[in-house]
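Bear in mind that the values here come from a model prediction, so they are computed numbers and not experimental data. Lettering of chains follows the sequences in order, A, B, ..., and the numbering in each one begins at 1.
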2 protein chains.
Amino acid sequence: MSTYSISQLAALAGVSVRTLHHYDAIGLLQPAGRSSGGYRLYNEHQVLQLQQILMFRELEYPLAQIQQIMQTPDYDLIHCLRQQQQLLAGRIAHLQRLQSMLDFTIQQQESSAMTTSSQLFNQFSQATLREEAAQRWGEAEVRQSEQKMAQLSSEQQQKLAAEGEQIARGFAQCLHLPADAAEVQLWAVRQHQWLQQYGPCPLQRLVMLGDLYVSDARFQAYYDRFGAGTAVLLRDALHWYVASQSAP
Amino acid sequence: MSTYSISQLAALAGVSVRTLHHYDAIGLLQPAGRSSGGYRLYNEHQVLQLQQILMFRELEYPLAQIQQIMQTPDYDLIHCLRQQQQLLAGRIAHLQRLQSMLDFTIQQQESSAMTTSSQLFNQFSQATLREEAAQRWGEAEVRQSEQKMAQLSSEQQQKLAAEGEQIARGFAQCLHLPADAAEVQLWAVRQHQWLQQYGPCPLQRLVMLGDLYVSDARFQAYYDRFGAGTAVLLRDALHWYVASQSAP
DNA sequence: GCTTGCGTCTGACGTTACGTCAGGCTGCAG
DNA sequence: CTGCAGCCTGACGTAACGTCAGACGCAAGC
């Protein structure tokens with residue numbers, strides 16, 4: 001049985017001596033023993049343990065949890081691995097979304113040399129929102145909507161965005177009116193039609209979206225940019241619209 | 001132009017108030033001004049800046065670097081984005097490798113209920129080595145070799161691993177002999193033949209591998225497990241073998 | 001036997017990006 | 001005017017080590 005000094009083990013595993021000091025201090029990996037001079041001595045068993053620790057660390061487990069896992073005599077390894085798999089898949093998906101966002105941004109940058117910071121902001125927040133949307137409504141729906149968008153030319157996309165803004169301005173100009181006013185309801189209809197260009201939008205979803213516009217600070221901020229209270233008016237208008245539609 | 005209180009901005013961007021305090025303290029995002037009572041006041045411009053900061057943060061830039069980037073008056077945005085793209089691609093690839101390692105491990109776990117820690121260790125270190133190999137010799141080669149392995153049954157793979165160990169033991173039993181001894185050279189031949197089962201292995205690569213066995217602490221440790229000095233003997237034997245082969 | 005020099009020890013403070021109080025103002029509603 | 005939520009600053013805590021500092025261990029060379 002070969003034994004290793006601390007620097008040997010460090011080199012073997014590709015970590016620093018300080019790391020091993022640290023692991024010893026917190027009790028995660030203690031040396032097999034000490035030499036007469038007080039030097040830490042490790043052997044094969046520690047090498048294996050360290051490799052396992054590093055595996056978990058690679059998967060970004062906190063050290064405390066690694067310790068807990070490895071101290072449990074009969075922990076459910078396979079369950080643990082499965083969990084890890086899920087976590088990894090999520091992280092990869094997240095990064096891939098970021099990447100497609102970046103690709104898109106770069107593409108835009110290259111085509112039109114000038115991009116304002118607000119365009120960047122929009123791209124980023126759209127990516128963020130998309131991710132939340134995927135969680136809220138499921139991956140499939142969001143992807144459908146994305147495909148629909150992808151088929152449109154960028155001109156058409158811009159038109160769509162512009163129409164959204166126009167509607168928002170429309171609501172903002174009705175801030176003095178109640179949600180059930182005819183003019184407000186007209187804008188509600190337009191909002192619904194506009195949303196349907198992104199994909200199917202049943203009335204139920206319209207209600208959820210209305211709530212989202214108020215409860216989500218980012219949507220609120222977006223709409224209230226056109227006038228304080230616009231988000232609330234929009235929500236109430238949509239609620240009223242849905243009520244009138246579902247029970248005519 | 002709307003202004004935001006600190007908690008409003010925090011909600012808007014999905015960060016904590018403390019985070020904004022911090023960003024103010026380090027000068028990364030300072031408020032547009034203060035109210036008479038000393039409250040921080042932000043406006044649209046800060047919202048956009050914060051979004052950009054969060055984008056960089058998402059890509060795990062340290063805050064200091066984000067600050068540096070954003071303070072540069074005419075920083076090359078597109079270059080920066082490209083760099084981010086590369087970085088992201090690398091991280092995704094890394095995670096995907098980890099994932100395939102996990103998949104494999106889980107598969108193994110399910111087939112044979114018992115897995116020793118040493119098997120886990122082997123899987124992990126193989127994944128690590130694979131990644132380095134990919135860097136050293138290129139993705140394509142490594143993938144080829146992997147495909148070759150994938151076509152083998154696990155029995156055959158075990159046989160291959162066992163043969164590798166047998167050869168290592170063979171070298172270990174020749175520790176008293178010089179590298180150019182006939183017996184040692186026989187083992188060198190077998191090592192070469194063994195390596196070729198993983199994929200084409202020209203003599204030049206054989207030399208590189210020989211060096212690796214000594215320079216890389218993990219390989220060294222692996223071979224020296226069979227006897228101290230085995231790695232060096234193996235390297236020297238391979239060198240000698242290659243020399244005799246290339247100039248016969 | 002003594003110096004040289006590297007390896008190792010412990011202890012302690014530094015780092016990053018905040019979290020989490022604590023104690024004291026501010027601002028607005030009732 | 002009196003709560004009470006929101007905000008302020010200052011300070012300490014966290015994770016996973018990095019980075020000295022000062023002292024000891026150990027093998028080699030003179």
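- Distance, A:H22 NE2 to C:dT10 C1': 16 Å, rounded to whole Å.
- Residue B:T19 has a polar side-chain atom (N or O) positioned under 4.0 Å from OP1 or OP2 of C:dG19.
- Within the 4.0 angstrom heavy-atom criterion, no nucleotide atom of any strand lies near B:I26.
- Both B:A64 and B:G38 sit near DNA chain C, but only B:A64 has its closest nucleotide nearer the 5' end.
- Among D:dC8, D:dC26, D:dA16, the nucleotide with an atom closest to any side-chain atom of B:I6 is D:dC8.
- One can place CZ of B:R40 at 7 Å from C1' of D:dC8, the figure rounded to the nearest angstrom.
- The interatomic distance linking B:D24 (CG) with D:dC8 (P) rounds to 9 Å, in whole Å.
- Atom CD1 of B:I66 is separated from atom C1' of C:dT16 by 12 Å (rounded to the nearest Å).
- Between A:Y23 and D:dA16, a side-chain N or O to OP1/OP2 separation shorter than 4.0 Å is absent.
- B:Q191 places no side-chain N or O within 3.5 Å of a backbone atom of B:L238 that could act as its donor or acceptor partner.
- Contact between the side-chain N/O atoms of B:R57 and the OP1/OP2 oxygens of C:dC18 is found at a separation under 4.0 Å.
- Atom CD of A:Q30 is surrounded by more than 12 heavy atoms from other residues, nucleotides or ligands within 6.0 Å.
- One can place CD of A:E60 at 13 Å from C1' of D:dA15, the figure rounded to the nearest angstrom.
- Checking C:dG27, D:dC17, C:dG7 against every side-chain atom of A:L63, the shortest atom distance belongs to D:dC17.
- Between A:L9 atom CG and C:dG7 atom P there is a gap of 16 Å when expressed in whole angstrom units.
- At distances below 3.5 Å, at least one donor-acceptor pair connects side-chain atoms of B:Q8 with backbone N or O atoms of B:S5.
- Note on A:H21: every side-chain N or O is 4.0 Å or more away from OP1 and OP2 of D:dC17.
- Note on A:S16: a side-chain N or O is less than 4.0 Å away from OP1 or OP2 of D:dG18.
- As a whole-Å value, the separation of B:L41 CG from D:dC8 C1' is 13 Å.
- Residues B:S7 and A:Y39 each lie close to DNA chain D; by heavy-atom proximity, the contact nearer the 5' end of the strand is made by B:S7.
- Between B:S5 and the phosphate of D:dC7, there is a side-chain N or O to OP1/OP2 separation shorter than 4.0 Å.
- For the residue pair B:Y4/B:Q46, the side-chain donor-acceptor check at 3.5 Å is not satisfied.
- Side chain of A:D224 to backbone of A:A231: a donor-acceptor contact under 3.5 angstrom is found.
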Inset, instruction - Check the pair A:F171 / A:Y223 against ring-ring contact (aromatic ring centres under 6.0 Å, His included), numbers first and verdict last. - result: CA-CA 9 Å; A:F171 275 107; A:Y223 282 111; 7.9 Å; no
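- Phosphate contact (OP1/OP2 of C:dG7, side-chain N/O of A:S35, threshold under 4.0 Å): absent.
- Between B:R18 and C:dT20, a side-chain N or O to OP1/OP2 separation shorter than 4.0 Å is absent.
- Distance, A:R34 CZ to D:dC26 C1': 17 Å, rounded to whole Å.
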